[in-house]
Structures are given as structure tokens and as C-alpha cells.
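Scroll down for the structure; my scribbles are underneath it.
Sequence lines set the chain letters: A, B, ... in the order given, protein chains first and strands last, and positions in each chain run from 1. Since we're looking at a predicted model, the values are computed, not measured.
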Amino acid sequence: MMKNETDGLPTLDDDLRLPDEQNANLAAVVAGSVIAGAANTASAVFGLFGKRRAADGSVDDTAAQAVENVDVAEPSERAQTVAPESIERAPLADAETDEIAFKIVTPRATAETDHAPKVAPPKEDDDIHVRVSPRAPRKKAPTRQRGLAGSLLDSVVEQVGDYIQDSPAVERLIRAETARILQGLTSDPALAELIRAQAEQYLDELTARPEKLDPLVQTVANRYLDHLLTDTARVDALAQQVAGSYLAYLRAHPEPVRILIQDEVGAYIQHLETQPQKLDALAQQVANRYIAYLSANPAQVQQLIREQASAYLDLLRVEPEQVEELVQTVAGRYLAHLGAHPEQVQALIQQEANNYIAYLNENPAQAQDLIRAQAGAYLVYLQNDPALVEALVRAQAERYLEQLQENPAQVETLVQGIAARYLTHIQNNPTQLNGLVRQLGDEYINYLNENPDAVQELIRGQSLSMAQVVMEDVRERAATSDTVLEIFARRLFRREPRNELAEPSEQVQALAERYATIYGRKSKRDDP
Amino acid sequence: MKPYLLGQYAGGITRGIAWAIDMIIIVTTLAVVTWLITASFGLLGIYLQRCPAELDSIGDVICLSARFGLAAFAILILPVYMLFFWTASGQTIGNAILGIRVVRVDGESMTLQRSLRRLFGYIVCFLTLGIGFAFIFVDNQRQGLHDTIARTYVIYAWRGNQDLETIEHVQTWLTRKKKSRAPASKLDS
């Protein structure tokens with residue numbers, strides 16, 4: 001493969017042009033011509049002295065005969081199938097039009113003739129197109145007189161011919177001569193010039209008639225591709241070389257690459273914007289693949305996270321101001337997200353709390369140490385800020401109360417647990433109970449003696465409370481009776497039973513609410 | 001059906017009970033006042049039960065005046081009681097016990113004019129032999145004829161809930177009864 005030195009990029013022509021094959025073709029052209037000439041000469045000699053020569057003796061034209069011998073003598077297997085058609089489509093040149101014709105020349109097989117020069121064995125694609133000028137000079141064969149002397153001479157010549165034909169010495173001589181001639185032709189500048197001129201002419205013609213070039217190129221390309229398909233190692237090497245060259249070029253010219261990528265990305269984004277469902281599907285597919293991969297490789301994920309985290313931490317250690325900015329940005333985003341999704345916050349806190357509690361249950365000693373340390377630190381901090389303590393206690397108490405109101409069963413369980421604990425303790429320590437009861441009784445009696453108004457208020461309050469409960473019960477029963485009686489009344493008047501009363505206007509409801517707030521007391525059975 | 005009562009229209013039973021309580025209060029008051037006045041005049045030798053037809057003495061005049069006064073009191077105690085409590089707070093004592101209140105349809109508090117119109121409505125209902133009150137049981141806003149005339153509602157003014165379980169139980173019972181009667185009627189026909 002050759003590189004195009006003008007722009008540094010390899011071209012397909014360079015790839016397809018194989019120097020070794022070109023050289024082989026050139027050598028084959030020369031070798032074929034020489035072998036053809038040599039064979040022609042040998043044939044002429046043999047024919048001169050052979051038996052058949054005596055019969056007709058009609059050697060018309062040495063050059064033409066040589067060409068014919070070259071064309072048809074012992075073609076290769078492929079040439080036998082292709083050559084006749086090619087010859088028919090490309091007849092010899094017409095003398096009048098002076099048009100150059102093409103002939104397929106197949107070098108003699110080296111397996112049959114060991115005297116061929118050292119040329120690469122002919123391949124299927126080694127067919128050579130040779131231009132033969134029709135203007136070769138023609139010589140007329142001299143007529144010979146036949147006679148006894150002639151017959152004798154023919155007999156002698158035949159004997160000599162047989163000897164020469166079967167003689168290895170003659171063959172070696174011919175081979176040596178052929179090699180010498182080939183060597184001379186190889187170094188002959190005139191022949192090289194001729195070949196070059198022919199090649200240029202050929203190229204000009206191919207340029208002028210691309211329709212002839214196309215099938216040729218296609219054939220060559222197909223062969224080349226077939227060859228590459230069978231030779232994967234070479235393809236790999238070729239691809240690596242091409243990729244390397246291409247990457248080197250791209251590294252040397254980053255600006256066009258950037259523009260190209262920007263254009264492609266822009267076009268792709270525009271395309272995805274017009275078809276969001278494709279984008280969604282693509283994103284989902286990529287995400288699924290990514291998640292599946294990460295699920296299948298947890299160790300790799302962990303390693304990746306560690307590496308990234310360590311690299312990131314190193315970077316952040318170097319630039320602390322960026323850390324602060326980053327933390328603020330992330331915290332802002334996170335808080336905004338959590339503000340918009342409180343349920344996620346709750347689930348997250350619950351999950352963390354559960355994990356933490358599970359861990360502490362498994363490690364009670366650690367939990368105790370942690371609580372002690374945290375409590376100590378907290379107590380020191382809270383001692384300095386009593387207002388904060390009060391607010392904190394109040395908030396916690398309110399939260400606990402709300403939680404307990406929502407879960408009465410939990411309250412009951414809690415109370416039962418505490419009561420059971422107390423009862424057990426009291427049963428185990430009856431003296432403490434007696435002392436406690438006596439002390440509390442004395443304190444209570446003393447308090448009542450000192451505050452008779454409070455006692456009266458208490459009794460009054462209890463009475464009012466009982467009256468309130470009775471009154472609410474009466475009201476509730478009366479209201480229920482209203483509905484029940486209406487059901488009967490509507491049935492009596494043969495009217496459809498109604499499921500809902502008309503909704504009072506907002507003003508009426510607001511007035512009722514106001515009256516209830518001013519005069520009323522919140523019922524124990526209020527609707528939450 | 002909504003379980004909560006605050007702001008909803010009060011029904012006939014509640015209003016009837018409240019009315020009964022008011023009547024008990026009025027009658028009791030009337031009886032006590034009548035007894036007190038009669039007893040007081042009796043101590044003075046003027047017996048209101050046996051006032052003479054002819055005014056021969058000052059005692060007779062006092063006796064007759066007292067009787068007319070008692071009669072006027074007996075007639076006016078109900079409207080005055082109603083007008084006073086409706087205008088003052090929108091609820092009589094019976095209404096307050098039962099937790100109901102009279103309001104205008106526009107959600108404002110009662111005025112004397114509205115109270116007078118409502119009282120007029122009461123009279124109309126009595127004149128129609130109480131049919132005007134029966135509208136309470138069938139009207140969608142539980143308005144009697146007097147409420148319609150005065151453009152008022154009676155609403156529950158306390159935070160309570162009705163017993164939906166009982167109501168559903170009654171409805172179910174009535175539905176079953178209706179279904180059980182249906183085949184019999186077909187057979188009869």
C-alpha cells in the first residue's frame with residue numbers, strides 16, 4: 001500500500017495497487033513476449049526440419065505465426081474458457097482504421113516448460129493484454145524444389161530434428177539462450193520505454209472510455225475483496241494501518257474534526273428533538289443496558305466509584321474553594337428536589353433510619369458508645385442554649401403526640417408496656433408502693449385543703465363535662481333521627497330516598513363555623 | 001351521606017325537640033308567673049279567678065286589669081320569646097340545647113324584620129294545621145313554610161357527627177322490606 005504524499009491520506013487506488021503484482025505483471029509481459037518469441041523460433045526450427053514441414057511447407061509469416069502461437073498455444077485452464085470470447089470481441093487491428101486491438105496472452109505454464117525464466121507462476125489475474133501492430137512486415141516464403149536430394153536432405157533433417165527435439169542438451173541450450181535474452185530485455189531501456197508508452201496510451205484510453213474501466217475496476221475490486229475476505233490477518237493489518245493514518249490525520253487537523261462532530265451532533269440532536277419518543281426509547285435502552293451491566297458487575301462498579309471518588313477527592317483537596325461552591329450547588333439542587341418530592345425525603349429518612357437501627361441492634365456496644373458520645377456533646381451544647389432545648393423538646397413532644405394520635409394502638413402498647421413495667425416493679429417493691437401512695441395521698445389532701453376553690457371548680461367542671469357529654473349524645477341521636485325520619489317521611493310521601501342533602505352555601509357554612517368557634521366546645525367525637 | 005353536622009341543615013326531629021323544650025320553658029314560665037300573680041293578688045284579697053263582670057270598685061278594676069295582663073302575657077310570651085332569641089342570637093334556648101341556629105339564606109345573622117317574617121310564617125303554618133312544618137321532612141334544604149317565607153335556614157351549629165351506621169341499617173331494612181313485598185304484589189296482581 002502506498003500513501004498519497006499530497007494530503008497524507010491513503011486512497012483506495014493506493015490500496016488496490018499492489019507493487020509486487022505490478023512487477024509480476026510487467027515481468028510476465030516481458031517473459032510472455034520472450035517465451036512466445038522463443039517458442040516461435042523453436043517451432044520454426046522444428047517445423048523447418050520436421051515431417052509435417054515436408055508436406056506443406058507453408059510458413060507464411062513469421063511474425064503473424066508467432067502471434068498466433070502466442071495466442072492459442074497451450075493456454076491456461078482459465079484462458080481456455082475466457083480466451084476465445086475475448087479474442088472474438090477483440091480481433092486483430094484493422095489496417096485501415098489503425099485501431100489498436102487487445103489480445104489475451106497467457107504465458108506458458110512453468111510446470112510444463114522448465115526453461116521459462118524465473119517469473120512468478122501465472123495466476124488467474126495474470127492475463128496480459130498485448131497490443132500487436134498489424135503493420136509488421138510480411139515476407140514471402142521462398143519456394144523449394146523437391147527431388148531426390150531434397151528427399152534425402154529431408155530425411156537427414158528429420159533425423160536431426162528428432163534428435164534436436166528429444167535432446168536435453170538442445171533444450172538446455174534454448175533455455176540458456178532464453179534466459180540471456182530475457183536478461184538483456186530486462187535491462188533494455190528501449191523496451192522499458194515502449195512498455196511505459198504503451199501503459200500511458202492504455203491509461204489515456206481508459207480515461208477516455210471509463211465504461212471499459214468500470215468493469216475492470218469492479219472485477220479487480222471484487223477479486224481484491226475476495227482475497228481480503230480469505231486473508232483476515234492482512235485485512236486487520238490493513239485496517240489498523242488505515243485507522244492509524246486516519247487518526248494521525250485527525251490529530252493533526254483537530255478543527256475540521258471538531259466542526260464535523262459539531263455538525264453531526266447538531267443534526268442528531270435536531271433529529272432527536274423532532275422525535276422525542278425515539279430519544280426516550282434510546283435513553284431508556286441505554287439506561288437499561290447500563291443498569292443491567294452495573295447490576296451484573298457490582299465489583300467493577302465499586303472499583304469505579306472508588307477510583308472516581310479518590311480522584312475527585314484529590315482534586316478537591318487541591319482546590320477547597322471549588323469544594324465549597326460545589327457543595328452549595330449540589331445542596332441547593334438537592335434541597336429543591338427534596339422540597340418538590342417530600343415523599344422521597346420521608347422514604348429516604350425511613351430507610352436510613354431503619355438501616356441505622358438495624359446496625360445498632362446488631363452492635364449494641366457501639367450503639368451505647370455512640371449514644372454516650374453524642375449525648376455528652378449534645379448536653380454541653382444544650383447547656384449553653386436553654387431556649388433551643390425548650391424548642392427542641394416542644395417540637396419533639398408535638399411530633400410524638402401527633403404520631404401517637406395517628407397510631408392509638410401504638411399508644412396502647414406503649415402504655416401497657418410502661419404500666420406492666422411499673423406494676424412489676426411495684427410488685428417487687430411493695431414497701432415503695434405504700435410509701436408512695438401515702439406520700440401522694442397526703443400531698444393531695446393538703447393541696448385540696450389549701451385550695452377549696454380548685455376542688456369546687458373540679459366538681460363543677462366534672463358536672464359540666466358530664467352534662468356536655470349527655471347533651472352531645474342527645475344532639476347526635478336527634479340528628480340521626482332527623483335523617484331516619486326523613487327516610488320514612490319521603491317513603492310515606494312516595495318520594496325517592498335521597499342520599500345527600502343540598503350543600504349549604506359557603507356563607508352559611510362560614511357563619512356556622514364562626515358560631516361554633518365562638519360558642520361551641522370542640523366535641524370529643526369531632527370529625528378530623 | 002356526610003357524617004359531620006356543622007353547617008348542615010337541621011332536621012325535623014331536632015327542631016321539634018328544640019320546639020318542645022321552648023314550649024316547656026314558655027309554659028313553665030307562664031304557669032309560674034300566673035301562679036305568682038294570682039297568689040300575690042290573692043294575698044291582697046283580689047281573686048283573679050272570680051273577677052266581677054261589673055266594675056264597682058277599684059279592686060274590681062285591678063282584678064280585671066290583672067286578668068287582661070295575664071291573658072296578654074300568655075298570648076305574647078311565645079312571640080316575644082321567639083323574636084327576642086331569634087334576633088339576639090339566632091337560637092332559642094331549645095335551639096341552643098340541641099345545637100341548632102337560625103340563619104338567613106345569605107349567611108348573615110338574623111334581624112328583627114326577619115324574625116317578624118318568620119313569626120308570621122309560624123302563624124301561617126299553624127293556620128294550615130301544621131302542614132307548613134311538614135315541608136321540613138321533604139324539602140332539600142329542610143325548610144318549612146315559615147323558613148321559606150322568612151328566607152331562613154336552620155342549621156346545626158355544633159361540631160358533631162350523625163350515626164351513619166344506624167342510618168344505613170334503616171335503609172337496608174327498608175330495602176329488604178321493599179324487596180320482600182315485591183313478589184307478593186306480583187302474585188296479587
[X], part contacting chain A, at a heavy-atom distance under 4.5 Å:
{"X": "B/Val138", "value": "both"}
{"X": "B/Leu98", "value": "both"}
{"X": "B/Ala96", "value": "backbone"}
{"X": "B/Leu5", "value": "side chain"}

Exercise for review: List the steps, then state whether side-chain contact (heavy atoms from CB on, under 4.5 Å) holds for A/Gln509 with B/Gln8.
Suggested key: CA-CA 8 Å; A/Gln509 288 188 343; B/Gln8 303 296 313; 3.9 Å; yes
Is atom [atom1] of [X] surrounded by more than 12 heavy atoms (other residues, nucleotides or ligands) closer than 6.0 Å?
{"X": "B/Glu165", "atom1": "CD", "answer": "no"}
{"X": "A/Glu443", "atom1": "CD", "answer": "yes"}
{"X": "A/Gln507", "atom1": "CD", "answer": "yes"}

If you measure from [atom1] on [X] to [atom2] on [Y], what distance do you get to the nearest 0.5 Å?
{"X": "B/Asp106", "Y": "A/Ser505", "atom1": "CG", "atom2": "OG", "result": "8.0 Å"}
{"X": "A/Thr480", "Y": "B/Leu164", "atom1": "OG1", "atom2": "CG", "result": "8.0 Å"}
{"X": "B/Thr166", "Y": "A/Glu476", "atom1": "OG1", "atom2": "CD", "result": "8.5 Å"}
{"X": "A/Glu486", "Y": "B/Asp139", "atom1": "CD", "atom2": "CG", "result": "9.0 Å"}

**Study point:** Heavy-atom pair with the smallest gap, counting every atom of A/Pro504 and B/Gly7
**Key:** CG-O, 2.9 Å
Exercise for review: Search all heavy atoms of A/Ala512 against all heavy atoms of B/Leu6 and return the closest pair with its distance.
Suggested key: O-CD1, 3.7 Å
Check your understanding: Going by residue number, which parts of residues 114-137 of chain B are within reach of chain A, meaning a heavy-atom gap below 4.5 Å?
Key -> B/Ile136, B/Phe137
Revision key, fill the gap. Listed by number, the residues in residues 142-155 of chain B that come under 4.5 Å of chain A (heavy atom to heavy atom) are B/Arg142, B/Tyr153, B/Ile155
Exercise for review: Run the numbers on B/Gln162 and A/Arg475 for side-chain contact (heavy atoms from CB on, under 4.5 Å), then give the verdict.
Suggested key: CA-CA 9 Å; B/Gln162 58 182 337; A/Arg475 286 175 175 178; over 6 Å; no
Revision key, fill the gap. The side-chain hydrogen bond (donor to acceptor under 3.5 Å, both in side chains) partners of B/Tyr9 (sequence neighbours excluded) come to none
Review point. Should A/Ile487 and B/Gln171 be marked as a side-chain contact (heavy atoms from CB on, under 4.5 Å) after you check the CA-CA gap, both sets of side-chain angles, and the distance that decides it?
Key: CA-CA 8 Å; A/Ile487 293 169; B/Gln171 282 177 332; 3.7 Å; yes
Check your understanding: Step by step, would you call A/Leu511 with B/Glu108 a side-chain contact (heavy atoms from CB on, under 4.5 Å)?
Key -> CA-CA 7 Å; A/Leu511 185 67; B/Glu108 295 295 327; over 6 Å; no
Study note, to complete from the structure: Looking only at B/Gly90, B/Gly99, B/Ala18, B/Gly16, the option with the highest number of non-hydrogen pairs under 4.5 Å against chain A is B/Gly99
Point to revise | Pairs of heavy atoms under 4.5 Å with chain A: top-ranked of B/Leu174, B/Ile17, B/Val170, B/Val103 | key: B/Leu174
Check your understanding: What part of A/Glu506 gets closer than 4.5 Å to chain B, counting heavy atoms only: side chain, backbone, both or neither?
Key -> neither
Point to revise | Check: A/Asp482 side chain, B/Thr14 main-chain N or O, donor-acceptor pair, under 3.5 Å | key: yes
Exercise for review: Check step by step if salt bridge (Lys or Arg N to Asp or Glu O under 4.0 Å) holds for A/Glu472 and B/Arg159.
Suggested key: CA-CA 9 Å; A/Glu472 282 184 2; B/Arg159 298 179 195 276; over 6 Å; no
Pairs under 3.5 angstrom only: tabulate donor-acceptor contacts from the side chains of residues 384-392 of chain A to other protein residues two or more places apart or in another chain.
residue	atom	partner	partner atom	Å
A/Asn384	ND2	A/Val380	O	3.2
A/Asp385	OD1	A/Leu388	N	3.3
A/Glu390	OE2	A/Arg394	NH2	2.8

